[in-house]
2 protein chains.
Amino acid sequence: MSAPTRETIIATADRLFYERGFEATSFANIAEKVGISRGNFYYHFKTKDEILEAVILRRLAFTQDMLAQWQAEGKTPVDRIRLFIHILVRNQTKIMQHGCPVGTLCSELSKQQHPALAHATRLFTLFRLWLSGQFTELGLTERADSLAMHLLMRSQGVATLAQSFQDEAFVHEEVRLMDNWLNDLIDVKG
Amino acid sequence: MSAPTRETIIATADRLFYERGFEATSFANIAEKVGISRGNFYYHFKTKDEILEAVILRRLAFTQDMLAQWQAEGKTPVDRIRLFIHILVRNQTKIMQHGCPVGTLCSELSKQQHPALAHATRLFTLFRLWLSGQFTELGLTERADSLAMHLLMRSQGVATLAQSFQDEAFVHEEVRLMDNWLNDLIDVKG
DNA sequence: TAGTAATTAGGACAATTGACCTAATCGGTA
DNA sequence: TACCGATTAGGTCAATTGTCCTAATTACTA
């Protein structure tokens, strides 16, 4: 199996699924962007679900790498949680254009009642468990999972409204509120 | 023009767009559900964008009616804001199945760079202005719009995660937190 | 060099899409 | 009754979809 070609296909599909959505992206679209024939494409992936599966696996791997990097980069749990919060600012342009890669994919798969929804939700779970670990480390063991879900919820809400309203100031304001929320959380604790 | 047929088509399209998404719903799907021929359908709506426009207008009208009813039903601004918060519980089943009707539509139209996105966003704006009015009435004039966006953001986030995780308890917990948030807001003020 | 497996290209397939057309039928009016 | 516009049904159109097949080409090995 030719790793480069296959990897290029997955990377391109990943980008197109994010920018246009899964259903709206066709085999022809991907093949064209990659610069190969549809026949060649079919040699690597028999069905559309198969390429979707590969894209999700790729995203899972990339997400795990990113979380591992945050784990090394942030000196304290609070620093690390802030790294999560600030993806909204770092990826602001893309989020305002296409929303959150995880949220929009899950939403689409859910509507289509697609069996891969469970796999896609695993992406959320990665963040959930990682965030929950940070809160546990802060001594908020019992509330850790709820707090993780709460932060996930807020980032999803910001992404959705940012995509609709195209309002840059709103994103910054909500990120500021999340920072304050985090500060209050450790103030009360300490 | 036959109002009943046309209205039935719009209502059916509205439901299908919500359940399956706009792109994933075809003329044939709608016509079949309504029980008319595709030719008849085309008599009422020339293009797919035309039926989308009609659906958005219908939703705008229904939303305005709902907000007017809340305005009459809630005795205080706080009561009215709570009516908004608790749609998450009242429509929980549908939200867990298909997400928020407004958020998922805007998200899809944004990905397709569909010109009707601006119209769909008007749905958000209706809620935004109405909520902002309630906060203003509470004396929080300067922060009113930010607070409105904040509540919209939270309801969107809850809807997205509820759709992905299918977690009923999470929805109730976040609604409780929103209630507390509202209480704190008026405590600080008073 | 010869041969074999991996890879690629190009086309074909049935099904479905949005769009369009024409003929039939309906309802109310003159 | 005769007429006419409003409504409906059914069929057609080119384009695109996911899927599949076969032949050519490449890369590697004996």
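Any value given below was found using the heavy atoms of this structure, including those in side chains, with hydrogens, waters and symmetry copies removed. Chain A is the first sequence line, chain B the second, and so forth, proteins listed ahead of strands; every chain is numbered from 1.
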Under the side-chain hydrogen bond (donor to acceptor under 3.5 Å, both in side chains) rule, collect the residues that match up with [X], sequence neighbours excluded.
| X | answer |
| --- | --- |
| B:D79 | B:T76 |
| B:T136 | none |
| B:R143 | none |
| A:R128 | A:D145 |

Sequence neighbours left out, what pairs pass salt bridge (Lys or Arg N to Asp or Glu O under 4.0 Å) with at least one residue falling in residues 56-75 of chain B? B:E7-B:R58, B:D14-B:R58, B:D14-B:R59

Taking salt bridge (Lys or Arg N to Asp or Glu O under 4.0 Å) as the cut-off, I'd like each qualifying pair that reaches into residues 80-93 of chain A, sequence neighbours left out, listed once. A:R80-A:E137, A:R82-A:D179

If the cut-off is 4.0 Å, is A:Y43 near the phosphate of C:dT8, judged by side-chain N/O to OP1 or OP2? no

Looking at D:dT8, I'd like to know if its phosphate oxygens (OP1 or OP2) sit under 4.0 Å from a side-chain N or O belonging to B:T5. yes

Within the 3.5 Å criterion, strictly below it, is a donor on B:Q134 or B:Q71 matched to an acceptor on the partner's side chain? yes

Does the side chain of B:Q156 pick up a donor-acceptor pair with the side chain of A:Q156 at under 3.5 Å? no

Give me the distances for all protein-to-nucleotides 26-28 of chain D N/O pairs that come in under 3.5 Å?
none

Rounded to the Å, how far apart are [X] [atom1] and [N] [atom2]?
| X | N | atom1 | atom2 | answer |
| --- | --- | --- | --- | --- |
| A:H44 | D:dG18 | NE2 | C1' | 18 Å |
| B:K48 | D:dT16 | NZ | P | 16 Å |
| A:Y42 | D:dC21 | OH | C1' | 9 Å |
| B:I9 | D:dA9 | CD1 | C1' | 13 Å |

Of residues 107-118 of chain B, the positions that come close to DNA chain D - non-hydrogen atoms, cut-off under 4.0 Å: none

Output all residues satisfying side-chain contact (heavy atoms from CB on, under 4.5 Å) with B:D49, sequence neighbours left out; order by chain, then residue number. B:F22, B:T47, B:H114

With sequence neighbours excluded, tell me which residues meet side-chain contact (heavy atoms from CB on, under 4.5 Å) with B:R122. B:L60, B:T125, B:L126

Once side chain to side chain donor-acceptor pair (under 3.5 Å) is applied, what residue pairs with a partner in residues 146-155 of chain B remain, sequence neighbours excluded? A:E174-B:H150, B:H150-B:R154

Below 4.0 angstrom, which residues in residues 16-41 of chain A have at least one non-hydrogen atom near DNA chain C? A:I36, A:S37, A:R38, A:G39, A:N40

